[in-house]
Amino acid sequence: MKCRVCRGPAVIDLRRHNANFCPEHFLDFTRKQVEKAIDDFEMFGPDDRILVAVSGGKDSLAIWDLLLDLGYQADGLYIGLGIGDYSDVSGRHTRAFAEAKGATLIEIDLRADHGFDIPTAAHATRRVPCSSCGLSKRHLFDSAAVEGGYDVVVTGHNLDDEAAVLYGNVLTWQADYLGRQLPVLPARNGFPRKVKPLVRLTEREMAAYCVITGIDYMIDECPMAVGNKHIAYKEALNLIEEQSPGSKFTFYHGFLARAQERFAASSGDGTDDRPGLRTCERCGSPSSNETCAFCALTDKVAGHEPVPVELIRPRR
Ligand code: Q46
Ligand code: ZN
Ligand code: ZN
């Protein structure tokens with residue numbers, strides 16, 4: 001197996017590109033894919049201050065690394081969710097990466113800073129853990145970006161993630177979600193801009209990037225994700241990809257190029273433009289009620305006796 005560029009020994013084959021790469025040219029390939037996504041979707045410019053939402057997994061550490069490497073001003077934000085060993089280990093990987101790169105890492109600990117963790121919130125609200133987790137992460141990323149004066153929040157969603165979300169939305173014809181499924185969500189109404197520069201790269205490519213660059217990442221999935229529909233959609237798409245390399249890319253990027261706008265016409269432009277949006281009287285965040293969803297969640301769960309992660313079964 002020879003590298004497409006230099007004919008040296010290749011370490012990875014990318015069937016969808018009909019190409020093999022040596023480590024050096026694979027890293028070039030990933031950088032170019034990220035630069036193309038940033039340019040094509042006008043995600044941000046060289047002077048923008050970027051806040052990367054980092055979980056300690058391969059995707060978020062890889063995009064942080066890539067952005068630093070490309071010369072962007074990118075700080076990291078890590079949220080300690082209190083999901084047992086998973087959170088402890090992912091926090092350690094994130095801190096070790098930031099230290100090794102001399103990068104700025106902002107940390108928020110749900111339990112220490114807001115009086116609850118995700119297992120306790122799931123138990124107290126009797127809802128799936130991902131519901132309070134997603135709500136908390138969105139709120140904390142938004143407010144940290146606004147308070148820190150960042151221009152944009154970057155997340156590590158890759159092509160597999162976005163194709164799986166699209167697959168789920170198509171299976172159930174979620175027209176509103178389809179109209180909003182874009183790799184760039186513009187800033188609006190006090191919410192920062194959010195972008196996904198890894199939409200041209202797959203999960204396997206990001207794992208390879210971390211192995212080649214020596215990034216030590218959290219390999220285990222969140223224990224709350226077990227049985228997740230999102231994982232089942234990814235597996236289904238992997239089967240199709242196996243038969244027909246490039247399908248995942250064509251599915252997602254073909255949707256963006258040829259279909260997304262048709263759904264956007266009926267569902268707005270993807271921004272939170274709700275009439276009557278006001279300010280949460282507790283934390284000052286944009287909210288449609290007097291108290292925002294995060295402050296309401298905090299009220300409900302912060303006084304609750306801590307519930308260990310082992311007691312929570314992921315339910316969908
Ligand atoms: S961390 Fe949180 Fe995910 Fe775990 S509880 Fe669900 S949403 S699965 S990205
Ligand atoms: Zn090469
Ligand atoms: Zn609030």
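One-based numbering, in listed order, for ligands and for the atoms of each. Since the structure is predicted, the reported quantities are computational estimates derived from the model, not experimental observations.
Of all heavy-atom pairs spanning L61 and T94, the tightest one is CD2-CA, 4.3 Å.
Residue E35 qualifies as enclosed at atom CD: its count of foreign heavy atoms under 6.0 Å is above 12.
With ligand atoms numbered from 1 in the order given, ligand 1 contributes 5 (S), 6 (Fe), 7 (S), 8 (S) to contacts under 4.0 Å with heavy atoms of C130. Close contacts of ligand 1 with M224, meaning ligand atoms under 4.0 Å from a residue heavy atom, involve 4 (Fe), 5 (S). With ligand atoms numbered from 1 in the order given, ligand 1 contributes 1 (S), 4 (Fe), 5 (S), 8 (S) to contacts under 4.0 Å with heavy atoms of C222. The ligand atoms of ligand 1 that sit less than 4.0 angstrom from a heavy atom of C133 are 1 (S), 2 (Fe), 5 (S), 7 (S). In the vicinity of A225, heavy-atom distances shorter than 4.0 Å reach the ligand 1 atoms 8 (S).
Around the Zn ion (ligand 2), the protein atoms of type N, O or S found under 2.8 Å away are C3 SG, C6 SG, C22 SG, H25 ND1, listed by chain and number.
In this structure the side chain of R193 reaches within 4.5 angstrom of the side chain of V184, judged on heavy atoms.
Under the ring pair (Phe, Tyr, Trp, His ring centres under 6.0 Å) criterion, Y233 pairs with Y167, sequence neighbours left out.
S90 and S87 share no donor-acceptor pair across their side chains, judged by distance under 3.5 Å alone. Between D65 and Y209, the side chains place a donor N or O and an acceptor N or O closer than 3.5 Å (distance only, hydrogens not considered). No hydrogens or angles considered: nothing links the side chains of N158 and K196 as a donor-acceptor pair under 3.5 Å.
Between F249 and H253, the ring center distance clears the sub-6.0 Å criterion.
In this structure, K137 has a heavy atom closer than 4.0 Å to ligand 1.
A salt bridge links R95 with E107: the closest approach of a Lys/Arg side-chain nitrogen to an acidic carboxylate oxygen falls below 4.0 angstrom.
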